[in-house]
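Quick notes on the structure that follows.
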Number of protein chains: 2
Amino acid sequence: MRDAHPARPTLETVARLAGVSRATVSRVINGSVGVTSGVREAVDRAVDQLGYVPNPAARSLVSRRTDSIALVVPEPATRMFSDDAFFTGILRGIGQELEAADKQLVLLLASTPASHHRIMRYLRSRTVDGVILASLHGADPLPGELAAMGVPVVASGRQLAGSAVPYIDVDHAGGVKAAIEHLLTQGRTRIATIAGPQDMVAGIDRLAGYRDALAAAGRRSLVEIGDFTRESGTSAMRRLLDDEPALDAVFVASDLMAEGALRALRQAGRRVPQDVAVVGFDDATAARSTEPPLTTVRQPIHETGRMLAQQVLKLAAGEDIDPALILPTELVLRESA
Amino acid sequence: MRDAHPARPTLETVARLAGVSRATVSRVINGSVGVTSGVREAVDRAVDQLGYVPNPAARSLVSRRTDSIALVVPEPATRMFSDDAFFTGILRGIGQELEAADKQLVLLLASTPASHHRIMRYLRSRTVDGVILASLHGADPLPGELAAMGVPVVASGRQLAGSAVPYIDVDHAGGVKAAIEHLLTQGRTRIATIAGPQDMVAGIDRLAGYRDALAAAGRRSLVEIGDFTRESGTSAMRRLLDDEPALDAVFVASDLMAEGALRALRQAGRRVPQDVAVVGFDDATAARSTEPPLTTVRQPIHETGRMLAQQVLKLAAGEDIDPALILPTELVLRESA
DNA sequence: TTGTATGCGTTATCAA
DNA sequence: TTGATAACGCATACAA
């Protein structure tokens with residue numbers, strides 16, 4: 001019994017059963033218009049009966065499409081993987097859109113520097129209809145190379161180096177502005193920040209947003225840098241407290257770091273929000289269950305994934321798209337500020 | 001200039017440049033043995049010069065292989081996505097092994113019940129060399145259908161229904177046993193548990209491990225059920241405290257729930273570990289930074305991913321594999337117990 | 001509206 | 001050791 005799999009039906013098989021030619025079957029399958037309804041039905045019946053499924057290899061050999069989109073994830077995708085549900089959220093958004101468009105998702109993970117070569121080789125074989133680039137670091141050569149190849153590409157997050165790849169990002173600055181204004185409205189006077197790494201767009205843009213918002217209010221900045229981990233949030237908060245014992249609010253560039261900051265505040269005997277107000281960024285699942293629950297800036301992760309897919313599909317279909325799509329963020333009020 | 005991409009070189013192009021036949025070029029590319037070294041070098045040079053990359057569609061059309069492995073993720077993959085780094089950990093493990101084997105990873109996400117049909121259709125077109133099934137729920141028909149198709153399949157986690165698909169899992173029971181023994185050694189006498197959902201293998205096996213370990217020590221069980229979320233850990237811990245104020249230890253089936261339990265204990269004024277010892281499961285990243293840091297059972301997530309890939313690759317290569325591979329867990333001592 | 005014929009780029013069989 | 005040549009399964013230009 002083992003491996004007794006009947007030969008897979010081909011167009012030919014279906015054609016014989018339906019009493020038509022291969023070409024006609026192909027037309028029916030691809031939804032071509034000029035086919036008599038009687039013939040169409042006969043073909044459909046034959047397809048059902050045989051359980052016929054087109055051979056993607058044969059199809060793509062002649063059509064030069066593969067109906068698949070590649071998602072490229074560089075190794076040091078710090079945010080991608082450190083962050084609670086960031087990667088999976090994006091992934092599900094992408095998956096949802098691709099499923100609707102009946103495209104496959106090929107995952108290209110770079111686990112070593114040498115992976116770059118392998119990925120380019122794969123992409124160069126033109127087996128994909130488009131590429132989604134996840135969280136690039138600094139001067140990644142990938143976007144440029146792909147664009148030069150003429151492959152449709154979109155990136156997640158604004159590019160640091162100026163490679164002109166269309167991207168989707170969230171409104172970091174807008175979210176931070178809302179957070180700071182909320183703190184100012186509360187009457188907070190000395191508002192510090194724990195920023196993210198300054199070689200990542202999320203780190204840079206959120207810090208810039210903080211500085212701008214404070215400057216607009218005529219206040220002085222007070223900045224410590226973390227690396228988006230809980231631990232770095234704790235130590236940054238301690239430094240902040242040392243430098244400026246009088247601070248009464250802190251905007252933290254990620255919820256994970258905010259968790260760490262809450263701990264440092266607790267250990268220092270400061271009450272949140274009475275003594276110090278804390279606002280995070282991300283609206284990670286953990287933000288609901290910190291003590292106290294975290295006021296934070298929500299970014300639409302799932303939507304980002306969906307847009308990434310939608311845009312690359314448009315590109316693949318030959319449409320033009322905006323060079324940048326900025327999705328709105330939203331301040332979520334809980335108890336920490 | 002737009003779209004002015006030179007025609008991709010084919011075997012024919014390379015053959016002409018190297019002054020040999022297509023067949024010979026193919027042999028060189030596929031590492032066939034009987035080729036004169038001079039000829040081989042000429043071909044290699046031509047390949048480099050032209051930047052030739054084989055066309056996967058053409059290749060797979062005749063070879064009937066695609067050098068790709070599918071990872072199927074059912075939608076309600078609770079654990080996959082709720083858990084901090086579980087999914088990404090598995091994914092990286094898989095990615096690492098597939099990269100070493102030069103295989104592609106195709107992600108098949110089921111976002112709706114209707115996805116099942118689409119996934120089967122894709123898999124039925126035989127475009128993959130093997131399938132990895134992630135976290136199946138109850139009586140999923142997928143494994144059976146795939147096995148019937150003769151596609152190499154391995155699953156992540158023991159199957160609840162008895163479909164005989166080979167799987168990789170971690171030693172839940174062994175880990176729990178180590179945890180309970182540790183608590184007993186400490187002189188803890190009333191050891192409760194917060195178990196996971198009883199329709200998931202991880203929930204079932206960890207609870208069974210708890211019962212067995214306690215029974216072996218002649219102790220009584222005390223069980224509350226959670227759903228692997230922080231919140232459920234908090235409320236389960238409260239119920240436990242209500243039912244048995246005298247408890248002095250609790251084994252919690254996930255770190256996330258353990259975080260919740262720590263909070264409930266804190267709110268109830270119990271000191272950890274002095275009054276109540278707490279042991280978690282997973283060794284999630286958060287376990288390092290709870291208060292106090294969490295003693296927990298570490299499961300080798302990355303290794304699980306690697307093994308999943310290794311086993312399916314073996315299957316695809318025609319080798320036989322063990323119907324079950326159980327990876328060791330390890331008790332990590334921190335401060336909560 | 002339908003059928004015939006051709007080619008997509010490989011691998012593999014068979015001769016030479 | 002190397003070279004013709006026949007599939008592989010499909011889409012499509014061209015005829016009918």
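All heavy atoms count here, side chains included; hydrogens, waters and symmetry mates do not. Please read all numbers here as calculations on a predicted model, not as lab measurements.
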OP1, OP2 of [N] versus side-chain N and O of [X]: anything below 4.0 Å?
X       : N      : result
A:Ser60 : C:dC8  : no
A:Ser26 : D:dA11 : yes
B:Ser63 : C:dT11 : no
B:Thr10 : C:dC8  : no
B:Ser21 : D:dG3  : yes

Side-chain heavy atoms of [X] within contact of [Y], under 4.5 Å:
X        : Y        : answer
A:Lys103 : A:Ser68  : no
B:Phe87  : B:Val73  : yes
A:Leu108 : B:Gln104 : yes

Report task. Have a look at A:Val62 and say if it touches a base, only the backbone sugar-phosphate, or nothing, with a 4.0 Å heavy-atom cut-off. Result -> base
Between [N] atom [atom2] and [X] atom [atom1], what is the distance in whole Å?
X       : N      : atom1 : atom2 : value
A:Asn55 : C:dT10 : CG    : C1'   : 13 Å
B:Arg59 : D:dG9  : CZ    : C1'   : 18 Å
B:Leu61 : D:dG9  : CG    : P     : 7 Å
B:Leu11 : D:dT5  : CG    : C1'   : 14 Å
B:Arg22 : C:dG9  : CZ    : C1'   : 8 Å
A:Arg40 : C:dT1  : CZ    : C1'   : 12 Å
A:Arg8  : D:dA7  : CZ    : C1'   : 16 Å
B:Arg64 : D:dG9  : CZ    : C1'   : 9 Å

Query raised in the report: Within the modelled atom types, does a donor on one side and an acceptor on the other bring the side chain of A:Arg27 and the base of C:dG3 under 3.5 Å apart?
Result: yes
Requested in this report: I would like to know whether B:Arg158 and B:Asp169 meet salt bridge (charged side-chain N to carboxylate O under 4.0 Å, His left out); could you show each step before the answer?
Outcome: CA-CA 6 Å; B:Arg158 182 170 71 82; B:Asp169 209 339; 5.4 Å; no
Requested in this report: Using the closest heavy atom to pick a nucleotide of DNA chain D for each, name whichever of B:Ala58 or B:Thr36 lands nearer the 5' end.
Outcome: B:Thr36
Query - Heavy-atom pair of closest approach, residues B:Ala147 and B:Val153 - result: N-CG2, 4.4 Å
